[in-house]
Amino acid sequence: KIDPWIFEEYRKAITNEFGNYIITGLPTGTYYVKASSYQDWFMISKWYDNADSLRGATPIDVMAGQETSNIDFQFKYRELKGSISGRVIDINDRPITNASIRIQSARSGLDVWAYANTDTEGYYKIERIPTGSYYVSAEISYGWMYYHRYWRNAEWIEDADIVEVTEQSNPDDINFK
């Protein structure tokens, strides 16, 4: 059994301009290596050897003082053609300015968190997101009062409708009232 929250050794490295990295000072042992890269709104992570999770990762045996090479990663970046847009209005159909809109991935495997604020007419648009399934929420503060709703008028994420962004469809009517 692998417990992802208990690590005896943890080290971090940043790649150079050629994509190379080195982690030094590791004692002899078996390790799991994860690489992450950002593309606009989301992070792509891979475990060695091309696994999406720690459970599928290949362990690496390291000997202290010796180089363990060819622990390489390759990321596939997606085209970012998707968008979600809509409007936030109050119960009297007046636009709400500066409401905070958030989208988050509804399915595992793609970690997307993106934000936007509404304009003076209550409109928002979040662009350059990958195709996928998202939860969309709106947050509004009036003085000490705070309102938060998921689309379609759900108080909890478990009750929210999922918004699908596809190659053919960029939802433009994700509205809140």
Side-chain angles (χ1 to χ4, degrees), residues 2 4-5 10 12-21 23 32-58 70-89 95-141 147-177:
I2 297 172
W5 300 107
Y10 174 81
K12 183 178 176 179
I14 297 175
T15 58
N16 64 17
E17 67 270 20
F18 304 108
N20 300 317
Y21 70 96
I23 301 172
Y32 292 91
V33 180
K34 177 183 176 182
S36 299
S37 178
Y38 290 91
Q39 181 186 9
D40 287 289
W41 297 108
F42 66 100
M43 180 175 71
I44 303 169
S45 294
K46 289 287 181 186
W47 291 84
Y48 184 76
D49 186 26
N50 202 31
D52 290 325
S53 70
L54 179 59
R55 289 200 192 288
T58 301
N70 298 318
I71 308 303
D72 299 329
F73 297 87
Q74 186 173 29
F75 291 104
K76 180 181 178 186
Y77 292 101
R78 303 170 94 178
E79 287 194 55
L80 304 177
K81 295 182 178 179
S83 68
I84 295 175
S85 59
R87 191 171 191 214
V88 180
I89 56 175
I96 296 180
T97 301
N98 212 29
S100 178
I101 307 299
R102 181 180 71 197
I103 67 167
Q104 66 188 78
S105 303
R107 313 239 189 281
S108 62
L110 179 66
D111 296 324
V112 176
W113 291 80
Y115 304 88
N117 287 333
T118 56
D119 63 17
T120 57
E121 294 299 315
Y123 291 101
Y124 72 92
K125 186 170 189 175
I126 300 173
E127 299 178 285
R128 294 190 42 77
I129 58 174
T131 57
S133 304
Y134 298 97
Y135 291 113
V136 182
S137 63
E139 299 173 359
I140 304 156
S141 295
Y147 301 94
H148 181 260
R149 288 289 181 266
Y150 288 92
W151 194 70
R152 296 187 200 204
N153 200 27
E155 188 170 346
W156 306 102
I157 197 167
E158 294 84 5
D159 300 324
D161 285 357
I162 293 175
V163 176
E164 298 290 341
V165 176
T166 67
E167 294 279 336
Q168 296 78 30
S169 169
N170 288 306
D172 60 1
D173 59 349
I174 309 303
N175 301 318
F176 293 88
K177 185 172 186 175

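Sequence positions, counted from 1, serve as the residue numbers for this chain. Every heavy atom of this structure was used, including side-chain atoms; hydrogens, water molecules and symmetry mates were not.
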- Message: Assess the residue pair Phe176 and Tyr124 against the criterion (side chain to side chain contact (heavy atoms under 4.5 Å, CB included)); give the C-alpha distance rounded to whole Å, side-chain angles, the decisive distance to 0.1 Å, and a yes or no.
- Response: CA-CA 11 Å; Phe176 293 88; Tyr124 72 92; 4.2 Å; yes
- Quick one: do Arg102 and Val136 satisfy side chain to side chain contact (heavy atoms under 4.5 Å, CB included)? Show the steps, please. CA-CA 6 Å; Arg102 181 180 71 197; Val136 182; over 6 Å; no
- Query: Would Ser169 and Glu164 count as a side chain to side chain contact (heavy atoms under 4.5 Å, CB included) if you check the C-alpha gap in whole Å, the side-chain angles of each, and the deciding distance to 0.1 Å?
  - Reply: CA-CA 8 Å; Ser169 169; Glu164 298 290 341; over 6 Å; no
- Is there a side chain to side chain contact (heavy atoms under 4.5 Å, CB included) between Glu155 and Arg149 once you walk through the steps? CA-CA 5 Å; Glu155 188 170 346; Arg149 288 289 181 266; 3.8 Å; yes
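The shortest non-hydrogen separation linking Tyr21 to Ile71 is OH-O, 2.6 Å. The two residues Ala57 and Tyr32 come nearest to each other via the heavy atoms CB-CD2, 3.6 Å. Scanning both residues, Glu121 and Arg87, for their nearest heavy atoms gives O-NE, 2.7 Å. A pairwise comparison of heavy atoms in Ile126 and Ala114 identifies CG2-CB, 3.7 Å as the closest pair. Scanning both residues, Ala13 and Ile23, for their nearest heavy atoms gives CB-CG1, 3.8 Å. When all heavy atoms of Ala138 and Ile101 are compared, the pair lying nearest together is CB-CD1, 3.7 Å.
Thr118 contributes a side-chain N or O that, together with a main-chain N or O of Ala99, makes up a donor-acceptor pair within less than 3.5 Å. Checked by atom type and distance alone, the side chain of Asp172 never pairs as donor or acceptor with a backbone atom of Ser85 at under 3.5 Å.
Between the CG atom of Asn170 and the OG1 atom of Thr131 there is a distance of 9.5 Å, given to the nearest 0.5 Å. Taken to the nearest 0.5 Å, the OG atom of Ser45 stands 12.0 Å off from the CG atom of Leu54. Rounding to the nearest 0.5 Å places CG of Asn50 at 9.5 Å from CZ of Phe75. Here the CG-CG distance, from Asp161 to Asn153, works out to 10.5 Å after rounding to the nearest 0.5 Å. Going from atom CD1 of Ile129 over to atom OG of Ser83 covers 6.5 Å, rounded to the nearest 0.5 Å. Between atom CG of residue Asn20 and atom CD1 of residue Ile14 there is a gap of 14.0 Å, rounded to the nearest 0.5 Å.
Results of the side-chain contact (heavy atoms from CB on, under 4.5 Å) test with Ile162 over Tyr135, Tyr150, Trp151 single out Tyr135 as the only residue that passes.
Surrounding NZ of Lys177 are more than 12 heavy atoms belonging to other residues, nucleotides or ligands, all under 6.0 Å away.
Counting heavy atoms from C-beta on, the side chains of Val165 and Ile84 come closer than 4.5 Å.
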